[in-house]
Amino acid sequence: MSKKEADKTSKKTSRSKTMMSLRIALLAVVTSVFAICGMEIVRISLQKVVNEYSRIVETDYTYVQQMNDMMDRIYLHQSGMYHHISEKDQSKKRIIEEETDHLEEEIVSVMEKLGDNTKGTEYESEYHDILNEVTGYFKNTDIIYDFSKENDKQTANYYMDNILSPCVTSLNGRIRKFDERIAKDVEETKQGTKKSYSRIREMAFLIMILLVAMAVVSVLLCVHIAREMTDRDALTGVLNFDALIKVATRYKKKNKLSRYNGLAVSIRDFKYINQEYGSTVGDIVLVEYSKRLSEYLYKGEIIARNGADNFIVLIEHFRVEGFLDLIEEMRIDVGSDVVLPISSRCGIYDISEEDTIHDVVSAGLIALGTSRISSTDSFVWFHEKGRKQIIKQKEILTGYKRAISEEEFVVYYQPKVEIATGKLCGCEALVRWFKDGTLVPPNSFIPVLEDDGKIQELDFYVFRKVCRDVEEWLAKGIEPVRISSNFSKLHLHNRNFISDVKGIIEEYGIDTKYLEAELTESSGYEDLEALQNFVQAMADIGVHTSMDDFGTGYSSLSLLKDVDTNVVKLDRSFLRDVEKGEKKDLKLIENVVHMIHDMNRHVLCEGVETENQAKILLDMGCHIAQGYLYDRPLTRDDFEKRLINPQYDIRFDI
């Protein structure tokens with residue numbers, strides 16, 4: 001397949017997906033707009049009815065309450081009049097007068113409020129009738145008070161029984177009629193509200209029917225669109241993962257699944273191909289690779305793409321060996337006279353009658369994961385220990401949260417030493433996990449946290465501990481050395497990373513000269529630009545950077561040229577055969593060291609275990625070493641002692 005053909009396929013796929021997305025989006029928008037408009041119409045109509053009902057009922061019941069309050073006070077006032085007539089003690093008469101005067105003021109106040117509320121309404125005439133009755137009542141009370149004050153008890157009682165009581169009865173009758181009219185109006189309002197609710201329900205039901213109809217139409221259209229989509233992967237033409245599940249489920253129902261082996265296959269170093277040659281070449285590789293695999297399959301055997309460069313294959317038992325021979329190494333012509341050697345990794349699972357396709361895929365991926373961390377086996381058969389490994393990983397993730405909160409993670413410091421003088425010149429912060437008093441090996445939990453993304457939180461946990469220790473050492477008058485903290489490649493795409501780092505540094509108020517950020521060389525393979533931005537951003541805030549494990553990847557020299565780290569750490573693999581005295585090994589290390597110096601970088605070698613190794617490195621121009629020759633990783637307290645006494649006995653005369 002040529003580059004032109006690959007571009008054409010890519011554009012066609014992109015256009016198809018775009019049109020499909022637009023059609024589905026249009027359906028969703030139309031249905032949503034109609035639903036929103038319908039609900040808004042119902043809401044406005046309902047709110048209008050509720051507001052009108054509430055206004056009328058609230059107003060009418062306010063009138064009733066005011067009338068009832070006034071009548072209660074009239075009765076109290078009348079009762080006070082009786083007490084005033086019967087009371088002989090003048091001082092007590094005055095007290096009763098004050099109480100009735102207060103009641104009179106309250107009655108007047110209620111009438112004024114009622115007058116304000118009914119002014120200009122249909123109840124205004126009833127109000128004036130009641131007001132006249134109240135006014136007449138108070139005129140009569142004034143006459144009775146005069147007789148009571150003159151102790152003319154007989155005349156006062158006569159007026160009370162024959163004039164004032166009928167007045168109160170008349171007033172009570174008018175108020176009762178007023179209440180009855182209000183009750184009638186409220187009932188009419190209720191009936192009107194019921195009719196309005198009925199109309200709104202009918203309207204809502206109609207809208208609901210229309211929405212259901214539109215939803216049915218939308219579903220039918222979506223089904224129609226879905227039928228336009230094939231079960232094939234758009235780029236490679238093989239089945240997609242969903243189609244694999246459907247086909248394999250049918251095999252399971254027919255008891256045919258167990259005649260196959262399940263294989264999870266991926267292309268080795270596919271990310272490197274994309275980075276070095278571009279995504280177009282990567283697409284060409286995927287298309288040709290899947291074509292070669294498909295051509296090998298017999299009828300009934302299946303290949304499906306599971307994203308990126310990952311494939312799931314169902315192949316009959318007796319044909320597995322031939323398939324593995326095929327994928328072990330093939331050569332693919334990507335155009336422009338470039339032929340790439342392509343090899344694969346594979347996880348293989350022997351399917352039993354009880355297995356579902358999900359069991360098959362899970363087991364194959366577990367075995368594939370094992371092959372990825374193996375330095376020798378590209379093809380790995382699934383074993384139960386792989387499942388146990390997954391369980392162990394889940395236990396690590398489950399225990400991680402508690403470990404962070406209870407500070408089970410402890411920071412150790414491994415010294416960096418000037419080879420010539422034997423003087424401590426720096427250190428690397430390393431994390432250790434003491435779970436229930438037992439040390440959990442870093443290589444058993446760090447890869448798990450890396451895959452899950454929780455390593456970012458752990459990195460900041462360690463960095464915070466480092467900053468805190470530096471602050472405490474300075475407070476004690478102990479001069480720290482520069483401490484390198486490891487940061488996962490996942491931080492490269494964290495937009496808040498630099499601000500978070502600055503925040504921690506400012507929190508402890510320490511100088512950035514004591515800090516160094518360390519990333520592995522492999523971080524640059526997936527996104528070189530992100531690594532460059534990371535290094536520059538750290539430099540902008542005054543934090544040194546170092547490249548760990550230099551020399552273990554494909555593009556070490558390219559990274560050395562493109563990424564301006566302050567320090568380059570040679571991987572311990574450089575020292576593997578250095579003491580054998582092989583000229584080519586020594587020359588290689590010497591040239592790498594000189595090249596790093598020529599680029600104005602500091603160079604350090606890790607994994608130094610013997611004095612002879614240290615001497616050889618020094619002779620080659622590598623001046624700093626890290627390894628068991630000087631110290632294993634030290635606890636905080638032990639490293640503090642080393643800061644106080646930074647001189648090692650191992651030194652070399654230059």
Side-chain angles (χ1 to χ4, degrees), residues 52-88 90 92-193:
E52 181 64 17
Y53 177 77
S54 298
R55 183 189 66 79
I56 293 174
V57 171
E58 182 179 351
T59 301
D60 289 352
Y61 279 118
T62 299
Y63 297 158
V64 172
Q65 185 62 46
Q66 288 175 333
M67 288 292 94
N68 290 338
D69 289 345
M70 186 196 68
M71 204 62 220
D72 289 342
R73 287 171 172 78
I74 290 287
Y75 285 133
L76 289 173
H77 189 276
Q78 184 183 18
S79 176
M81 295 289 296
Y82 278 116
H83 284 99
H84 189 276
I85 295 170
S86 61
E87 184 58 59
K88 296 179 180 179
Q90 291 299 320
K92 291 183 179 180
K93 277 181 175 290
R94 284 193 295 272
I95 293 174
I96 293 172
E97 287 179 30
E98 292 174 359
E99 291 175 351
T100 54
D101 287 345
H102 180 67
L103 285 170
E104 184 175 341
E105 291 174 358
E106 290 181 348
I107 293 168
V108 171
S109 176
V110 170
M111 289 303 296
E112 289 176 350
K113 290 179 181 178
L114 183 60
D116 292 337
N117 290 336
T118 57
K119 188 176 182 180
T121 70
E122 57 196 276
Y123 303 117
E124 187 172 5
S125 61
E126 280 89 346
Y127 164 74
H128 286 296
D129 291 340
I130 294 171
L131 179 62
N132 291 333
E133 293 279 358
V134 171
T135 303
Y137 171 82
F138 285 130
K139 287 180 179 179
N140 290 323
T141 58
D142 291 340
I143 296 171
I144 294 170
Y145 266 126
D146 290 339
F147 288 119
S148 180
K149 290 175 183 178
E150 295 173 359
N151 291 320
D152 188 352
K153 187 174 180 181
Q154 183 177 358
T155 305
N157 281 327
Y158 174 81
Y159 269 87
M160 283 291 294
D161 294 337
N162 295 284
I163 296 177
L164 194 63
S165 290
C167 182
V168 171
T169 300
S170 176
L171 177 60
N172 188 39
R174 287 191 179 278
I175 290 175
R176 189 164 53 251
K177 288 181 180 179
F178 186 73
D179 288 348
E180 289 172 354
R181 180 178 176 184
I182 288 176
K184 181 180 178 182
D185 291 346
V186 169
E187 182 61 28
E188 290 176 354
T189 301
K190 285 182 179 179
Q191 295 302 321
T193 302

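Here, residue 1 is the first one in the sequence, and each next residue gets the next number.
Shown here are the side-chain contact (heavy atoms from CB on, under 4.5 Å) partners of Asp72, two or more places apart in sequence or in another chain: there are none. Judged as a side-chain contact (heavy atoms from CB on, under 4.5 Å), and not counting sequence neighbours, the contacts of Asn157 are Ile85, Lys153. Remark: Tyr75 pairs with Met71, Gln78, Val168, Asn172 by the side-chain contact (heavy atoms from CB on, under 4.5 Å) rule, at least two apart or across chains. Residues satisfying the ring-ring contact (aromatic ring centres under 6.0 Å, His included) test with Phe138, not counting sequence neighbours, are His77. The side chain to side chain donor-acceptor pair (under 3.5 Å) search around Tyr159 returns none, not counting sequence neighbours. With sequence neighbours excluded, the residues that form a side-chain contact (heavy atoms from CB on, under 4.5 Å) with Gln90 are Lys93, Arg94, Asn151. Residues passing the side chain to side chain donor-acceptor pair (under 3.5 Å) test with Asp161 are Tyr82, sequence neighbours excluded. Checked against side chain to side chain donor-acceptor pair (under 3.5 Å), Thr155 has the following partners two or more places apart in sequence or in another chain: Asp152. For Asp69, the side chain to side chain donor-acceptor pair (under 3.5 Å) partners two or more places apart in sequence, or in a different chain, are Gln65.
Each salt bridge (charged side-chain N to carboxylate O under 4.0 Å, His left out) pair with one or both residues in residues 108-120, not counting sequence neighbours, would appear here, but there are none. Listed by first and then second residue, the salt bridge (charged side-chain N to carboxylate O under 4.0 Å, His left out) pairs that reach into residues 120-139 are Glu122-Arg181, Glu126-Arg181, Asp129-Arg174, Glu133-Arg174, sequence neighbours excluded.
Between the side chain of Ser86 and the backbone N or O of His83 there is at least one donor-acceptor pair closer than 3.5 Å. Checked by atom type and distance alone, the side chain of Ser170 never pairs as donor or acceptor with a backbone atom of Pro166 at under 3.5 Å. Within the 3.5 Å criterion, the main-chain N or O of Met81 finds no donor-acceptor partner in the side chain of Tyr145.
Looking at every heavy atom in both residues, Tyr137 comes nearest to Ile74 through OH-O, 3.6 Å. In this structure, Ala156 and Ser148 approach most closely via the heavy-atom pair CB-N, 4.3 Å.
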Extract all donor-acceptor atom pairs below 3.5 Å that involve side chains of residues 101-109 and protein atoms in other chains or at least two apart in sequence.
{"unit_1": "His102", "atom_1": "NE2", "unit_2": "Glu106", "atom_2": "OE2", "d": "2.9"}
{"unit_1": "Glu106", "atom_1": "OE1", "unit_2": "Arg73", "atom_2": "NE", "d": "2.8"}

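Side-chain contact between His84 and Thr100: absent, with no pair of heavy atoms (C-beta onward) separated by less than 4.5 Å.
For the atom pair Ile163 CD1 and Ile144 CD1, the distance stands at 7.0 Å (nearest 0.5 Å).
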